[in-house]
Amino acid sequence: MGLRLYNTLTLKVEPFSPANGNTVRMYSCGPTVYNYAHIGNLRTFTFNDTLRRWLRYRGFLLEHVMNITDVEDKIIRKSMELGVPMEQYTRKYEQFFLEDMATMRLEKPERIVRATEHIQEMVDLISTLAQKGFTYESDGSVYYRISKFPSYGKLSHHDFSGIQAGARVDNDEYDKDDARDFVLWKQRKGAEPCWDAPFGAGRPGWHIECSAMAMKYLGDTLDIHTGGVDLAFPHHENEIAQSEAATGKPFARFWLHCEHLHVDMQKMSKSLGNIYTLRELIDMGYSPEALRFVLMSVPYRKKLNFTLDSLKGAQSSIERLRNYKLRLQSGRLSDGLNESISELSRFALHKFEAAMDDDLNTAEALAAVFEYVRETNTLLDQGVFVAGNRAEALQLLARFDQVFAVLEPTMTAGLLDDSSIEALIAERTAAKKAKQFSRADDIRNQLLEAGIILEDTKDGVRWKRK
RNA sequence: GGCGCCGUAGCCAAGCGGUAAGGCAGAGGUCUGCAAAACCUUUAUUCGGCGGUUCGAUUCCGCCCGGCGCCUCCA
């Protein structure tokens, strides 16, 4: 049936393919780098990663751009409070963000672009909008006049006809002609960072950077634009207004929005103290893969209720898959090929792929894998799973992990190397044979303390790192 | 007030017209020198409540109850 994705623009699941050739041109709203990313942010970026990986799995090439917002009100305020140059401040958090992405095994977009390095493109775009009559100036700042863009609201499906033109929003420091209008260029204020422009020194509004950078690198019409649900309005709506007014062409064909993550049924907030960062969770002893698994196990359009229990559960789930892989690799199997098991393998892969094709239904894809694992574990117990079926089972795991990327453990330093472990295991086996059980148990405990778990199986001793 | 989402076992959660996936936890079992680990089995006559449509509804429609999001910065 092919890949289908839910499009916020149409509120429907639609068949997806790129507009031109085999390359998907995709833009994702990235982080504002003023703080550590929290797990809610990471959910959205993990969603981007899932989408990327699945598109590549399906044979598409990617031209994916993600922005770094490194000039913005909060950034300016905080860096000024600290008396640190804005760039120094943002680079630090940008670096933390990139590290977190790597820890979470998130593929890097083909381009990661900074807002501050594209001021000229933004100025040009604003000039184009000005030429076409979509802007006005007020108190030295430049605004977008939404009344000139009749389809405003088509993405978030809001009806703005009730909002009166001419209304003044008094809690805004700038004067606007219409409550919906938004700022394209903010006039310079005090010591804030600013850039020269034909319409006066100042800095860009938040929305313009995405339009300018997306179109610079990906052309007038993108295949996919992604972001968190909260960005649909007004940010993405404003991107559409800016871009389409300038080019007269549709800005993005597919808009994908990732739902929010809640913690213990509540929105994350400082006052509730329930904001988690990746680093905190790692300090608490959880693995990045476990967080990745939690974030991926709930389909991206559903709210995800995060709990520490779910993280523990995810760790167990991953262990189960790793154990299965270890069993496949180390087990002694009889020769031959069991055709009915091959059939089972093909069926499982088909279910996995069909689930992912269905708007990235990761929950169902996961179920297909676990079901296969359970069935083939039984067949392994019965001895009917034979050597010829090993490759297909490992391939299913490999394909699964191409997208989920949780099977490889994150290495912790300072542990025994493989050969010393093997030596101790051999010593323990010898002790057991000689009925020196206390010696054998000592070695077992010694290894356990070093984070090595032994498994006595029919085929001998198998070990793994905890 | 406007627009939209959700309510499925102890917990997370799929399914969305044909009679309830999967994971975690719990309980049993297999294996074992004892253990651990691992694996297997098992856990919802029922899908928030009440009506309606239908041969048939968790799935569609209406109402009600409960939770949430957006409409202002926010992943």
Side-chain angles (χ1 to χ4, degrees), chain A residues 8 11 28-32 37-48 72-74 153 156-163 169 171-172 179-180 182 206 226-235 237 257-262 265-269 293-294 297-307 309-324 326-327 351 355 358 361-378 380-382 431-433 435-438 440-441 444-445 447-448 452-458 461-464 466:
Chain A
T8 306
L11 303 178
S28 298
C29 286
T32 301
H38 60 240
I39 56 174
N41 298 317
L42 291 177
R43 183 190 191 191
T44 299
F45 298 116
T46 303
F47 153 67
N48 287 154
E72 180 262 359
D73 292 358
K74 282 190 289 282
S156 51
H157 306 281
H158 276 121
D159 177 7
F160 290 92
S161 57
I163 297 175
V169 180
N171 62 355
D172 194 301
R180 302 171 298 171
F182 57 92
W206 172 41
T226 75
V229 268
D230 51 301
L231 295 187
F233 185 88
H235 183 56
E237 202 72 73
H257 292 100
C258 183
E259 249 299 347
H260 275 174
L261 170 150
H262 284 207
M265 304 302 284
Q266 291 174 299
K267 197 169 176 172
M268 278 187 291
S269 75
F293 188 97
V294 167
S297 62
V298 178
Y300 76 94
R301 282 200 292 132
K302 298 270 187 170
K303 286 183 192 71
L304 187 160
N305 182 33
F306 176 88
T307 62
D309 269 352
S310 67
L311 253 196
K312 289 189 197 104
Q315 193 68 62
S316 303
S317 299
I318 293 170
E319 281 307 316
R320 181 166 159 78
L321 296 174
R322 287 178 182 165
N323 287 328
Y324 175 73
L326 195 61
R327 183 179 191 188
K351 272 172 73 173
D358 182 14
N361 191 336
T362 46
E364 213 168 291
L366 220 39
V369 172
F370 276 104
E371 198 176 350
Y372 177 80
V373 168
R374 194 195 63 240
E375 286 167 348
T376 51
N377 260 324
T378 302
L380 281 159
D381 285 345
Q382 294 167 349
K432 274 175 67 175
K433 227 171 210 160
K435 304 260 189 245
Q436 295 168 351
F437 294 121
S438 66
D441 290 350
R444 183 209 283 159
N445 288 331
L447 284 166
L448 188 61
I452 309 300
I453 294 171
L454 299 189
E455 296 180 18
D456 291 333
T457 73
K458 287 191 202 74
V461 184
R462 193 158 68 193
W463 65 272
K464 62 185 181 188
K466 194 169 177 57

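Everything numeric in this text was worked out from a predicted model, so none of it was measured. In what follows, every chain begins at residue 1, and chains take the letters A, B, ... in the order their sequences are listed.
For E375(A), the salt bridge (charged side-chain N to carboxylate O under 4.0 Å, His left out) test picks out no residue, with sequence neighbours left out. Qualifying side chain to side chain contact (heavy atoms under 4.5 Å, CB included) partners for T32(A), counting only residues two or more places apart in sequence or in other chains: Y34(A), T69(A), E72(A), I75(A). Under the salt bridge (charged side-chain N to carboxylate O under 4.0 Å, His left out) criterion, E371(A) pairs with K351(A), sequence neighbours left out. Listed by chain and residue number, S287(A), A290(A), E319(A), R322(A) satisfy the side chain to side chain contact (heavy atoms under 4.5 Å, CB included) test with Q315(A) (two or more places apart in sequence, or in another chain). The side chain to side chain contact (heavy atoms under 4.5 Å, CB included) check on A440(A) picks up R428(A), A431(A), K432(A), with sequence neighbours excluded. Listed by chain and number, the residues in a salt bridge (charged side-chain N to carboxylate O under 4.0 Å, His left out) with R444(A) are D441(A) (sequence neighbours excluded). In this view, D358(A) satisfies the side-chain hydrogen bond (donor to acceptor under 3.5 Å, both in side chains) rule with no residue, not counting sequence neighbours. Residues satisfying the side chain to side chain contact (heavy atoms under 4.5 Å, CB included) criterion with D381(A), sequence neighbours excluded, are R327(A). With sequence neighbours excluded, the residues forming a side-chain hydrogen bond (donor to acceptor under 3.5 Å, both in side chains) with H260(A) are D230(A), listed by chain and number.
Atom CZ of F293(A) is separated from atom C1' of G23(B) by 6 Å (rounded to the nearest Å). Atom-to-atom, CG of N305(A) to C1' of C68(B) comes out at 11 Å; the value is rounded to the nearest Å. When rounded to the nearest whole Å, the span between CZ of F370(A) and C1' of A21(B) equals 13 Å. Rounded to whole Å, atom C1' of C74(B) lies 6 Å from atom NZ of K74(A). In this entry the distance linking CG of L304(A) with C1' of C6(B) reads 14 Å, nearest Å. Between the C1' atom of G1(B) and the NE2 atom of H158(A) lies a distance of 12 Å, rounded to the nearest Å. Atom P of nucleotide C73(B) and atom CD of E237(A) are separated by 13 Å, given to the nearest angstrom. Per the geometry, CG belonging to L311(A) stands 15 Å off P belonging to C12(B), to the nearest Å.
Across every strand in view, U54(B) sits unpaired, with no contact that passes the Watson-Crick or G-U test at under 3.5 angstrom. Partner assigned to U30(B) is A38(B), using Watson-Crick or G-U wobble distances below 3.5 angstrom. The base-pairing partner of A21(B), taking Watson-Crick or G-U wobble contacts with both distances under 3.5 Å, does not exist among the strands shown. Within the shown strands, G2(B) is the pairing partner of C70(B) under the Watson-Crick or G-U definition, both distances less than 3.5 Å. Under the Watson-Crick or G-U wobble criterion, with both distances below 3.5 Å, G7(B) is paired with C65(B).
Nucleic acid contact class of L261(A) (heavy atoms, under 4.0 Å, all strands): base. S310(A) comes within 4.0 angstrom of nothing in the nucleic acid, heavy atoms only. Across all strands, L454(A) comes closer than 4.0 Å to base atoms (heavy-atom distances). Counting non-hydrogen atoms under 4.0 angstrom, H38(A) reaches a base of the nucleic acid.
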What N/O pairs connect the protein and nucleotides 39-44 of chain B at under 3.5 Å? Give each pair on its own line.
unit_1, atom_1, unit_2, atom_2, d
C39(B), O3', N377(A), ND2, 3.3
C39(B), O2', D381(A), OD2, 2.7
C40(B), OP1, R374(A), O, 3.3
C40(B), OP2, R320(A), NH1, 3.0

Anything under 3.5 Å between a protein N or O and an N or O of nucleotides 30-34 of chain B, put it in a table, one pair a line.
unit_1, atom_1, unit_2, atom_2, d
G33(B), O6, D441(A), OD1, 3.4
G33(B), N1, D441(A), OD1, 3.1
G33(B), N2, D441(A), OD2, 3.1
C34(B), N3, R444(A), NH2, 2.8
C34(B), N4, R444(A), NH2, 2.6

Can you tabulate the close N/O pairs, meaning under 3.5 Å, that link protein atoms to atoms of nucleotides 14-16 of chain B?
unit_1, atom_1, unit_2, atom_2, d
A14(B), O3', N361(A), ND2, 3.2
A14(B), O2', E364(A), OE1, 2.6
G15(B), OP1, N361(A), ND2, 2.8

For K303(A) and E259(A), run side chain to side chain contact (heavy atoms under 4.5 Å, CB included): C-alpha distance rounded to whole Å, both residues' side-chain angles, the deciding distance at 0.1 Å, then the answer.
CA-CA 5 Å; K303(A) 286 183 192 71; E259(A) 249 299 347; 3.5 Å; yes
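If you take CG on L311(A) and CD1 on I39(A), they are separated by 7.5 Å, rounding to the nearest 0.5 Å.
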